[in-house]
Undergrad: 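Could you have a look at this structure, given as C-alpha cells, before my questions?
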Amino acid sequence: MITIPPRYNPKQSEEKWYQFWEENNFFHAEVDSKRKPYCIVIPPPNITGILHMGHALNNTVQDILIRFRRMQGYATLWMPGTDHAGIATQNVVEKEIAHEGLRRQDLGREKFLERTWLWKEKYGSTIITQLKKLGCSCDWQRTRFTMDEQYSLAVTEVFIRLAERGLIYKANYIINWCPRCQTALSDEESAHKEVKGNLYYIKYPLKDSGMDYIVVATTRPETMLGDTAVAVNPKDKRYKKLIGKTVILPLVEEEIPIIGDSGVDPKFGTGIVKVTPAHDPNDFEIARRHSLYAKIVMNPNATMNQNVPLDYQRMDRFEAREAILEDLEERGLLEKIVPHEHSVGHCYRCHTMVEPYFSEQWFVDMPKLAEAAEDIVKKGKLKFHPPRWKKVYLNWMKGLHGWCISRQIWWGHRIPAWYCPDCKRAYDAAHKGKALLTERIDLLEASILVSLENPKFCPRCGRTDLKQDEDVLDTWFSSWLWPFAIFGWPTLDKKQSEELKYFYPTQVLVTAQEIIFFWVARMIMAGMHFMKEAPFSDVYIHGTVRDITGTKMSKSLGNIIDPLEIVKQYGCDALRFSIISLVATGQDVNLAQNKFEGGRNFANKIWNAARFILTNLDKEKAKADLCLSAKDITELKERWILSRFYQTLDNVTKSLDNFRFNDAAKSCYEFFWHEFCDWYIELAKKTISSKQTQLVLYKVLEKTLRMLHPFMPFITEEVWQSLPHEGKSIMISPWPHVEKQFIDEKIDAQMQRIISSIVAIRNIRSVWQIETNKNIQAEISVASQALEKLFSSCASYIKDSARIESLKVGRNLKRPKGAAVAVLTDVEIFIPLEGIINVEKEARRLTQKRYDLEKLLEITDKKLKNKEFISKAPKEIVEREKEKKEKLKDSIKKLKDNLKGFHLK
RNA sequence: GGGCGGUUGGCGCAGUUGGUUAGCGCGUUUGCUUGACAUGCAAAAGGUCACAGGUUCGAAUCCUGUACCGCCCACCA
C-alpha cells in the first residue's frame with residue numbers, strides 16, 4: 001500500500017522540480033535543423049522591477065505557449081533578460097544615495113554609474129528569481145541585459161546607421177520636459193491626465209491706443225513671460241483689423257506683434273491666443289510659421305530663469321503663477337478667472353507635471369520608419385490577437401512625430417556623438433534666434449560627429465579634444481532592438497548568426513496593451529528596417545490586471561495582490577491556473593484573493609484523483625498494453641471516458657493554437673473534474689481490478705497530466721513521476737495525439753442517457769429525502785430494444801451510483817402503485833415508495849414538469865408551423881426541431897398517463 | 001474632439017462565423033464522517049442577456065440609436 005498525503009504540498013514540489021528541470025537543462029534550446037523553431041522573447045522586465053500580477057499573467061501566458069510547443073516537438077526557445085530602465089533605475093539609485101545626503105552631481109558621472117552598476121549587480125536579478133517562482137521555463141543561460149557589452153554595441157551601431165541615413169537627427173524642438181527628473185521625455189512617456197485648473201483672462205494693452213486692450217485666455221499665466229506674439233484667426237471678423245498691430249506684454253513691458261494664424265480657434269476663450277513658442281507645442285508651430293523668436297523663461301527645474309523680470313527669477317513655476325496673477329490683479333489686468341478642466345502631460349516615471357520645453361535634442365524620424373511597419377500589419381502578415389489592436393496600431397502609426405531619444409540622465413547608452421567645442425559654439429552663435437526656422441541641425445555644419453569611436457580630431461578646425469555628447473538614449477531605444485540584439489546582432493560569430501537565422505523572426509510576442517506604442521510598434525519598425533522582416537508573426541495582447549472593483553492595481557493605492565504571496569498560500573499551479581481561467585482574450589481581469597481558491601482546489605482534486613489511482617493501480621496491468629486500440633475497449637464507461645478525453649484534447653489543442661487560454665483551461669477543468677472524477681472514477685471503483693479499467697484509468701490520467709502540464713507544470717510533474725512513464729520529465733514528453741478512433745458521439749449519447757437516469761433517481765431520492773444509505777428499488781421502462789439492451793448492460797452503473805438494490809429494466813412497464821416517477825426521453829423511471837411519498841406533492845411535481853415541457857412544445861410547434869421557417873431554415877435545423885417536437889410530445893404523454901394513475905381527489 | 005472595450009441569475013465572468021431548454025466559478029438552500037478529496041460528495045433554487053428600434057424564418061450574438069461604467073488617443077490657449 002502506497003501512502004500519499006491527502007493534500008498536495010506545492011512548496012516542496014515546486015522547489016524540487018524546478019531544480020530538476022534546470023539541472024537537466026530542459027529549458028535550453030539549440031539550433032536544430034530537423035525541427036521547427038518556436039521562439040518567444042520575453043518583454044524584458046526592468047531591473048528595478050518587483051513581480052506583480054501583470055507579470056504573473058504575462059509570463060504564465062508565455063510559459064503555457066512555450067511548454068505546449070516544446071511538448072509538440074518544436075525547438076522551443078524562450079529568451080529571457082532584463083531592461084536597464086534608464087530613468088527608473090537612476091531614480092532608485094538617486095534615492096539610495098540621498099540617504100547618504102548625496103546628489104548624483106556630488107558623486108560625478110563616473111562614480112554614480114559605478115554605484116548604479118553595483119546596485120544592478122545586487123538587485124537587478126530579483127525579478128528573474130521571482131519569474132522562476134512562477135515556473136517560467138526560460139533558457140536562463142541566454143539571459144541578456146540591455147546594457148550588456150554586445151547589446152550596447154548593437155544600440156550604438158543602430159544609432160550610427162540611422163544617423164548616417166538622416167533617420168536620426170538633432171533638432172531644436174519643443175519636447176516634453178520633466179522638471180523633477182530633469183530630462184526630456186518622448187510623447188509616450190508623457191501621460192495625459194485630466195487636471196482641474198482655471199482659464200485666466202488677461203488684458204494685454206494695445207500699443208499707442210490709450211486705454212485699449214485685448215484679452216487673451218490662458219491656463220498657464222506664468223508662461224506669458226515668454227510670449228513673443230499674440231495670435232488671432234485671420235478669418236475672425238472681430239479681430240481681423242488687429243493683425244499687424246502691437247501689444248505691450250504686461251509685466252515684461254515688451255512690445256510683441258499681433259499675428260494672424262488659422263490655427264487659432266475663434267470659439268475658444270476670447271479667440272485671442274498668447275504665443276509662447278518655447279513653452280507650448282501649439283505656439284511653437286505658430287511661431288515656426290511666422291518666424292517668431294522663442295524665449296525660454298524656465299530653468300531645467302522649472303523655476304523661472306534670467307530671461308524674466310527680476311522679481312520672478314528663481315521662483316518655481318507655480319509660485320510664479322500666483323505672483324504673476326497677483327501683480328496682474330493689482331494692475332487691473334486680470335479680467336476674470338473661469339474654472340477649466342484640461343489634460344496635462346505627466347512624467348510616466350515620477351508623475352510630475354511635464355513642461356513643454358524648447359531644447360536641442362536627438363530625434364528618430366518615425367514617419368519614415370513607420371512605412372514598412374505599417375505595411376506589414378496592413379497586409380496581415382503580422383497579426384494582433386485580439387484583432388482590434390490592429391486599428392489602434394495603424395492609427396498610431398499615422399499620427400507620428402519625431403521620437404525624442406536623448407535623455408539628460410547618466411544611466412543608459414551614451415550617445416555616440418562628439419562635438420568640437422569651438423565649432424559647435426560658433427555654429428550655435430550663428431544660428432541663435434534662427435533656431436525655429438532651421439529645425440534640424442546640420443551635423444556636418446555644426447561639427448557633430450557620430451561614430452563608434454572617439455574621433456581623433458575635428459575635421460573642421462583640427463582640434464583634438466572632442467567632447468562626447470553628455471546625453472544617453474531613451475531606454476526604449478535599446479529595447480526596440482530586443483528580438484535581434486539578444487542574438488548578438490550585428491557582431492555575430494558563426495554560432496550566433498546561425499541562431500539569429502534560425503530563431504528570427506520569432507513566433508509570438510505576448511504583452512499588455514499599454515506597451516503597444518512604447519515597444520511593440522517600435523520593435524516592428526526596427527525589425528523591418530534592420531532585419532527586413534517583422535520580429536514576430538503574432539502579437540497576443542492580454543488585458544490589465546485589476547482589483548475586484550475594476551481599479552488598476554498599484555502600490556500607491558494599496559490594492560495589489562502579491563503573486564509570490566499567492567504562490568506561498570495557494571501554490572504556483574493554483575496561481576497560474578486561476579489567472580489563466582479568468583482571462584478571456586484581451587479582456588481585463590479583476591482579481592481578488594479568493595479567486596485563487598479555484599485553482600488550489602483544482603490542484604487538490606488532481607492530487608487526490610491521482611492518489612486514488614496510484615493506490616489502486618496494478619502497475620503491471622496498466623503497463624501491459626500501452627498502445628491499445630479502440631477495439632480492445634468494450635465497456636461503455638471506458639469507451640465514453642476515452643471519447644470524452646480525446647474530444648477535450650482536441651479542444652484544448654485548438655484553443656491553444658488560437659490563443660484562447662481560458663477556453664483551454666476550462667475544457668481541462670470540466671473534463672477532469674466533472675467527467676473523469678465525478679463519473680468515471682466513481683464508476684471505476686466497482687471494476688477497479690479489471691484490465692480495462694486499469695488501462696483506462698492509467699492512460700487517461702497520464703495523458704490528462706500531459707494536457708494539463710503547460711498550465712500546471714509542477715503538480716503534473718509530481719504525479720507523472722510517480723506513475724509508470726517513459727522519458728525523464730513530463731515537460732519533454734510529447735503532447736498527446738488526438739486519436740480519432742476513440743471519439744464516438746453515439747457512445748457519448750448512450751452514456752448521457754445513463755447519467756441522466758442516475759441524476760433523475762438521485763433527484764427523487766433527494767426530493768423524498770430518502771436516506772443516502774438506504775437501498776431502494778427501481779424500474780426502468782424503455783421504448784426500444786436498443787435502449788433495453790443499453791440499460792440492462794449498464795444496470796450496475798445505475799445500481800451503484802444511485803444506490804438501487806434491485807433494478808428492473810423492461811419495455812413499456814406500468815407505474816407500480818405508489819411509485820415516484822421520472823420521465824426522460826424514451827425512458828421512464830419508477831421508484832416504488834408507497835407510504836413515503838406524498839401523492840399530491842408528487843403529482844404537483846409531475847404537473848410542473850409537464851407544464852414546462854408544454855411551454856417548450858408550444859415554442860417548437862410554432863416554429864414548425866411557420867412556413868418560412870420550414871422553407872428558409874437549413875434542413876438539419878428543421879429536422880432537429882421535428883425530432884424535438886416528437887420527443888416532447890412523447891414525454892408529455894407519459895407524464896399525463898402517469899398522472900392519471902394518481903387518482904387525486 | 002476622436003476611437004475602443006464593457007453592461008448576461010447576489011458577486012465575478014464565458015458564450016468563435018446568428019439556430020439545443022443561455023453556461024461556468026463563487027455564494028445560497030437541502031442532505032451527506034459514501035472505503036481519493038469537506039480545498040469534498042449529492043440534489044436544487046436563481047437570468048424577459050442595460051434600454052429602444054431595426055434586419056431575419058430565427059437575435060445574448062448582426063445593424064442603428066440611447067444610457068451608464070472603464071480605457072486609449074489628440075498641438076482643448
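Computed over heavy atoms, backbone and side chain alike; hydrogens, waters and symmetry mates excluded. In what follows, chains are A, B, ... by sequence order, proteins preceding strands, each numbered from 1.
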Undergrad: Hey, does A/R765 reach any base, or is it just sugar-phosphate, or nothing, if we go heavy atoms under 4.0 Å?
TA: nothing

Undergrad: Classify the nucleic acid contact of A/I870 as base, sugar-phosphate or nothing, counting any heavy atom under 4.0 Å across all strands shown.
TA: nothing

Undergrad: Using a 3.5 Å limit on both distances, find every run of at least three consecutive Watson-Crick or G-U pairs that involves RNA chain B.
TA: B:1-7 with B:67-73, B:10-13 with B:23-26, B:28-32 with B:40-44, B:50-54 with B:62-66

Undergrad: Quickly work out the A/N866 CG to B/rU56 C1' distance and round it to whole Å.
TA: 11 Å

Undergrad: May I ask you to verify whether the side chain of A/Q587 and the base of B/rA14 hold a donor-acceptor pair under 3.5 Å?
TA: no

Undergrad: With sugar-phosphate meaning primed atoms plus P, OP1 and OP2, does A/V264 contact a base, only sugar-phosphate, or nothing at under 4.0 Å between heavy atoms?
TA: base

Undergrad: Answer with yes or no whether the side chains of A/E842 and A/W768 bring together a donor and an acceptor at under 3.5 Å.
TA: yes

Undergrad: I'd like to know if A/E881 pairs up with A/K884 as an ion pair, taking the criterion as any Lys NZ or Arg NE/NH1/NH2 lying under 4.0 Å from an Asp or Glu carboxylate oxygen.
TA: yes

Undergrad: Please list each protein N or O that sits under 3.5 Å from an N or O in nucleotides 24-30 of chain B, with the distance.
TA:
| from | atom 1 | to | atom 2 | distance (Å) |
| --- | --- | --- | --- | --- |
| B/rG25 | OP1 | A/H674 | NE2 | 3.2 |

Undergrad: I want to verify a distance call: between B/rA36, B/rA77, B/rA44, whose nearest atom is closest to the A/V759 side chain?
TA: B/rA44

Undergrad: Does B/rG40 have its OP1 or OP2 closer than 4.0 Å to a side-chain nitrogen or oxygen of A/N608?
TA: no

Undergrad: Given B/rA77, B/rU20, B/rA36, identify the nucleotide with an atom nearest to the side chain of A/K884.
TA: B/rU20

Undergrad: May I ask you to verify whether the side chain of A/R7 and the base of B/rU39 hold a donor-acceptor pair under 3.5 Å?
TA: yes

Undergrad: With respect to the phosphate group of B/rA43, does any side-chain polar atom (N or O) of A/R762 fall under 4.0 Å of OP1 or OP2?
TA: yes

Undergrad: Measure CD/A/Q513 against P/B/rG5 and give the value in whole Å, please.
TA: 12 Å

Undergrad: Answer yes when A/E355 and A/R317 have at least one side-chain N-carboxylate O distance shorter than 4.0 Å, and no when they do not.
TA: yes

Undergrad: Which nucleotide in the list B/rA77, B/rG5, B/rC37 gets nearest to the side chain of A/K274?
TA: B/rA77

Undergrad: Rounding to the closest angstrom, what is the interatomic distance between B/rU8 and B/rA60 at atom C1'?
TA: 7 Å

Undergrad: From CG of A/L591 over to P of B/rC11, roughly how many Å is that when rounded to an integer?
TA: 19 Å

Undergrad: So which one's nearest nucleotide on RNA chain B is more toward 5', A/E285 or A/R660?
TA: A/R660

Undergrad: Taking the same atom, P, in B/rU48 and in B/rG2, what whole-Å distance lies between them?
TA: 36 Å

Undergrad: Tell me whether the guanidinium CZ or amine NZ of A/K391 lies under 6.0 angstrom from the six-membered ring centre of A/W396 and within 45° of its axis.
TA: no

Undergrad: Report yes if some heavy atom in the side chain of A/V230 is under 4.5 Å from a heavy atom in the side chain of A/I256; otherwise report no.
TA: yes

Undergrad: Of the nucleotides B/rC72, B/rC4, B/rA44, which one has an atom closest to the side chain of A/N763?
TA: B/rA44

Undergrad: Nearest whole Å is fine: how far is B/rC72 P from A/I515 CD1?
TA: 12 Å

Undergrad: Determine, stepwise, if the pair A/H192 / A/V344 fulfils side-chain contact (heavy atoms from CB on, under 4.5 Å).
TA: CA-CA 5 Å; A/H192 286 257; A/V344 181; over 6 Å; no

Undergrad: To the nearest Å, how far apart are A/I174 CD1 and B/rA77 P?
TA: 12 Å

Undergrad: Would you say A/K685 reaches B/rA36's phosphate, i.e. side-chain N/O to OP1/OP2 under 4.0 Å?
TA: yes

Undergrad: Can you identify which nucleotide, out of B/rC76, B/rC73, B/rC13, has its nearest atom closest to the A/N590 side chain?
TA: B/rC13

Undergrad: B/rU66 and B/rG47: how far apart are their C1' atoms, nearest whole angstrom?
TA: 23 Å

Undergrad: For A/S343, answer base if it contacts any base atom (sugar-phosphate contacts may also be present), sugar-phosphate if it contacts only those atoms, and nothing otherwise; contact means non-hydrogen atoms under 4.0 Å.
TA: base

Undergrad: Taking only side-chain nitrogens and oxygens of A/K686, does any of them come within less than 4.0 Å of OP1 or OP2 of B/rG35?
TA: no

Undergrad: Would you please name every residue forming a side-chain hydrogen bond (donor to acceptor under 3.5 Å, both in side chains) with A/H346, sequence neighbours left out?
TA: none

Undergrad: Using the P atom on both, measure B/rG58 against B/rG12 and round to a whole Å.
TA: 34 Å

Undergrad: Look at A/K654 together with A/D663 and state whether they make a salt bridge at an N to O cut-off of under 4.0 Å.
TA: no

Undergrad: Between B/rU17 and B/rU61, how far apart are the P atoms? Round to whole Å, please.
TA: 11 Å

Undergrad: Closest approach to the side chain of A/R803, judged atom by atom: which nucleotide of B/rU34, B/rA36, B/rG19 is it?
TA: B/rU34

Undergrad: So what does A/P874 hit on the nucleic acid, given a heavy-atom distance under 4.0 Å: a base, only sugar-phosphate, or nothing?
TA: base

Undergrad: Taking any heavy-atom pair under 4.0 Å as a contact, classify A/Y8: base, sugar-phosphate, or nothing.
TA: nothing

Undergrad: Where the side chain of A/H401 is concerned, which of B/rC37, B/rC75, B/rC76 is the nearest nucleotide?
TA: B/rC75

Undergrad: What's the spacing between A/R546 CZ and A/N590 CG if we round to 0.5 Å?
TA: 7.0 Å

Undergrad: Base, sugar-phosphate or nothing for A/K855? Non-hydrogen atoms, less than 4.0 Å.
TA: nothing

Undergrad: How long is the line joining CZ of A/R845 and P of B/rA44, in whole Å?
TA: 10 Å

Undergrad: Would you call the rings of A/W607 and A/Y8 parallel, tilted or perpendicular, taking 30° and 60° as the class edges?
TA: tilted

Undergrad: Would you indicate what A/E194 reaches in the nucleic acid, counting non-hydrogen atoms under 4.0 angstrom: base, sugar-phosphate, or nothing?
TA: base

Undergrad: Figure out the CH2/C1' separation between A/W673 and B/rA38, and round it to whole Å.
TA: 11 Å

Undergrad: Could you state the atom-to-atom distance from CG of A/D283 to C1' of B/rC75 in whole Å?
TA: 9 Å

Undergrad: Salt bridge or not between A/R850 and A/E854? Use side-chain N to carboxylate O under 4.0 Å.
TA: yes

Undergrad: Classify the nucleic acid contact of A/R600 as base, sugar-phosphate or nothing, counting any heavy atom under 4.0 Å across all strands shown.
TA: base

Undergrad: Got A/I761 and A/I804 here, is their nearest side-chain heavy-atom distance under 4.5 Å?
TA: yes

Undergrad: Kindly point out which of B/rA36, B/rA14, B/rC4 is positioned nearest to the side chain of A/K391?
TA: B/rC4

Undergrad: Identify which nucleotide among B/rA43, B/rA77, B/rA36 has an atom closest to any side-chain atom of A/H342, counting heavy atoms from C-beta outward.
TA: B/rA77

Undergrad: Please pick, from B/rA42, B/rC37, B/rC57, the nucleotide with the shortest atom-to-atom distance to any side-chain atom of A/D678.
TA: B/rA42

Undergrad: Going by an N to O cut-off under 4.0 Å, is there a salt bridge joining A/E868 and A/K872?
TA: yes

